[in-house]
Amino acid sequence: MSSPLLFQPLRLDGLELENRIIVAPMCQYSARDGAATDWHMMHLGQLAISGAGLLTLEATAVSPEARITAGDLGLWDDGTERALATVLDAVRDYAPVPVCIQIAHAGRKASSEPPWRGGGQVAPDSPRGWLTEAPSALAHAEGEVAPRALDREDMKRIRDGFAATARRAVRLGIEAAEIHAAHGYLLHQFLSPLANQRTDAYGGSLENRMRFPLEVFDAVREVFPGGSPVWARVSATDWVEDGWEVEQTIAFAEALKARGAAAIHVSTGGVSPRQKIAIAPGYQVPFAERVRAATDLVTIAVGLITEARQAESILVEGKADAVSLARAMLYDPRWPWHAAAELGARVRAPKQYWRSQPHHLKDLFKESSFGQR
């Protein structure tokens, strides 16, 4: 019998994934001044041995002011690079999974509390806060301090910051990069007319609103070596009337494809608290399906994908080429093992855990063997 599609390889430029399960980027709010900590060692370590085909680091800030919270991971100087190198070296000693970095700037949604403290804005004059920056001087939510509008020099600084973070990622041996242009953060703010009310060449028309995110993509694509895949995560809709929507997402995806994007990671929402989302299992998958059909880009679907047969159906029905799991992986870090068992596939596991293979699944773990003593 052929392997389920979920466990068949997927090629992204010169990188071949062992299967089509991607560990999504998940903020941990547990860094110290941008530097990875022992928490990241534990968190990424368990996800790296999950059997997934690709491990994506959480949103990684290009500068201190680019962080969502004061506890966000960063990669902007030698200290943050050394800290992340320590974590990645340990992960690679035991897990062969390729690693992707999600490079990010929070824009007007920066200077926030972590979710367990309510997630609200931290005032600029607070010891843990700072004045945010965005395409336009429009606050994300009512009652918040408005961001400072970016000028051209600011935009050059940020674009250069994305490139500098990409160079550090390449030095660390990270195999792929995802540009964060979703969930209401800076690049999404440029795309959405709800957040971008500029009157220069970076605002107004769709072409103008796409300009800066595309410049950032080009800067990162130029840094990563040929064959190393670079793509973007996008919000296909703002879920708000007169906001960013799927037709514009398709135009953006086409522009990314023309610039060498290896894939498109399709999510939704995040730019406005006025969003009205109809949440249900796989609620974002129809947007991925539309983008894939229109662009023929390798498409990654996300959003309440929790069951193995649900994930397999998404791929078999041509709605996406891979699935990205976040909360489901936090709840069950062995999700790929259990999916393989349910679908009759094989998955990679560390040799230290080979003995955990259930007696009725003699061939679940690849390359496994162990004797009696």
Side-chain angles (χ1 to χ4, degrees), residues 25 27-37 40 57-84 101-115 117-141 143-169 177-192 195-198 202 212-213 215-217 219-220 223 233 270-271:
C27 290
Q28 297 297 291
Y29 315 104
S30 299
R32 296 194 184 99
D33 297 323
T37 64
H40 294 90
L57 304 180
E58 65 191 82
T60 305
V62 302
S63 64
E65 62 272 15
R67 296 172 296 171
I68 305 165
T69 77
D72 276 26
L73 185 67
L75 185 57
W76 62 68
D77 62 10
D78 291 348
T80 53
E81 185 176 341
R82 281 193 301 271
L84 189 54
I101 183 172
Q102 187 188 64
I103 309 178
H105 190 302
R108 68 182 187 178
K109 290 180 74 174
S111 189
S112 297
E113 294 282 12
R117 291 181 183 163
Q121 187 184 59
V122 178
D125 56 357
S126 166
R128 290 172 56 86
W130 57 93
L131 181 63
T132 63
E133 52 189 12
S136 302
L138 301 170
H140 173 70
E144 291 187 352
V145 176
R148 182 178 62 83
L150 296 165
D151 61 24
R152 296 294 184 88
E153 285 301 310
D154 294 323
M155 292 163 66
K156 180 181 183 302
R157 165 178 53 83
I158 291 169
R159 185 174 63 248
D160 290 348
F162 271 83
T165 293
R167 279 191 289 272
R168 292 182 183 278
E178 176 176 280
I179 308 303
H180 200 353
H183 300 162
Y185 299 118
L186 182 68
L187 300 186
H188 184 187
Q189 291 162 27
F190 269 93
L191 293 171
S192 174
N196 183 349
Q197 296 185 9
R198 299 175 71 96
Y202 292 89
F212 185 63
E215 289 178 357
V216 168
F217 178 86
V220 173
V223 168
R233 190 172 195 181
V271 85

Main-chain N/O of [Y] paired with [X] side-chain donor or acceptor, under 3.5 Å:
X: H188; Y: Y185; value: no
X: Q189; Y: G184; value: yes
X: T60; Y: E58; value: yes
X: D72; Y: A31; value: no
X: K109; Y: T132; value: no
X: T37; Y: S30; value: yes

Check: By salt bridge (Lys or Arg N to Asp or Glu O under 4.0 Å), which residues pair with E133, not counting sequence neighbours?
Finding: R148, R157
Checklist line | Cation-pi check, R67 onto W76 ring (under 6.0 Å, within 45° of axis) | finding: no
Do you know which two heavy atoms are closest between [X] and [Y], and how far apart they sit?
X: A149; Y: A137; result: CB-N, 3.9 Å
X: A110; Y: W130; result: CB-NE1, 3.7 Å
X: A104; Y: A59; result: CB-CB, 3.9 Å

Next item on the list: Test side-chain contact (heavy atoms from CB on, under 4.5 Å) on S111 and L131 and set out the steps.
Entry: CA-CA 7 Å; S111 189; L131 181 63; over 6 Å; no
For [X], check side chain to side chain donor-acceptor pair (under 3.5 Å) against everything at least two apart and list the hits.
X: S136; answer: none
X: S112; answer: none
X: D77; answer: T80

Any side-chain heavy-atom pair from [X] and [Y] closer than 4.5 angstrom?
X: I103; Y: E178; result: no
X: I179; Y: R233; result: no
X: H40; Y: L73; result: yes
X: L186; Y: P213; result: no
X: Q121; Y: V145; result: yes
X: D78; Y: R168; result: yes
X: L84; Y: L57; result: yes

Acceptor/donor pairs from residues 158-166 side chains to any protein atom, 3.5 angstrom cut, sequence neighbours excluded:
| from | atom 1 | to | atom 2 | distance (Å) |
| --- | --- | --- | --- | --- |
| R159 | NH1 | E215 | OE1 | 3.2 |
| D160 | OD2 | K156 | NZ | 2.8 |
| T165 | OG1 | L75 | O | 2.8 |
| T165 | OG1 | G161 | O | 3.2 |

Checklist line | Aromatic ring pairing F212/F190, orientation class (parallel under 30°, perpendicular over 60°, tilted between) | finding: tilted
Next item on the list: First locate atom CZ of R198, then atom CG of D151, and finally report the distance between them rounded to the nearest 0.5 Å.
Entry: 8.0 Å
Margin query: To the closest 0.5 Å, what do you measure between OG1 (T69) and CD (Q28)?
Written below: 11.0 Å
Check: Among pairs that include at least one residue of residues 117-131, which meet salt bridge (Lys or Arg N to Asp or Glu O under 4.0 Å), considering only residues two or more places apart or in two chains?
Finding: E113-R117
Notebook entry, point to check: Should the heavy atoms of other residues, nucleotides or ligands under 6.0 Å from CG of D33 be counted, would the total exceed 12?
Noted result: no
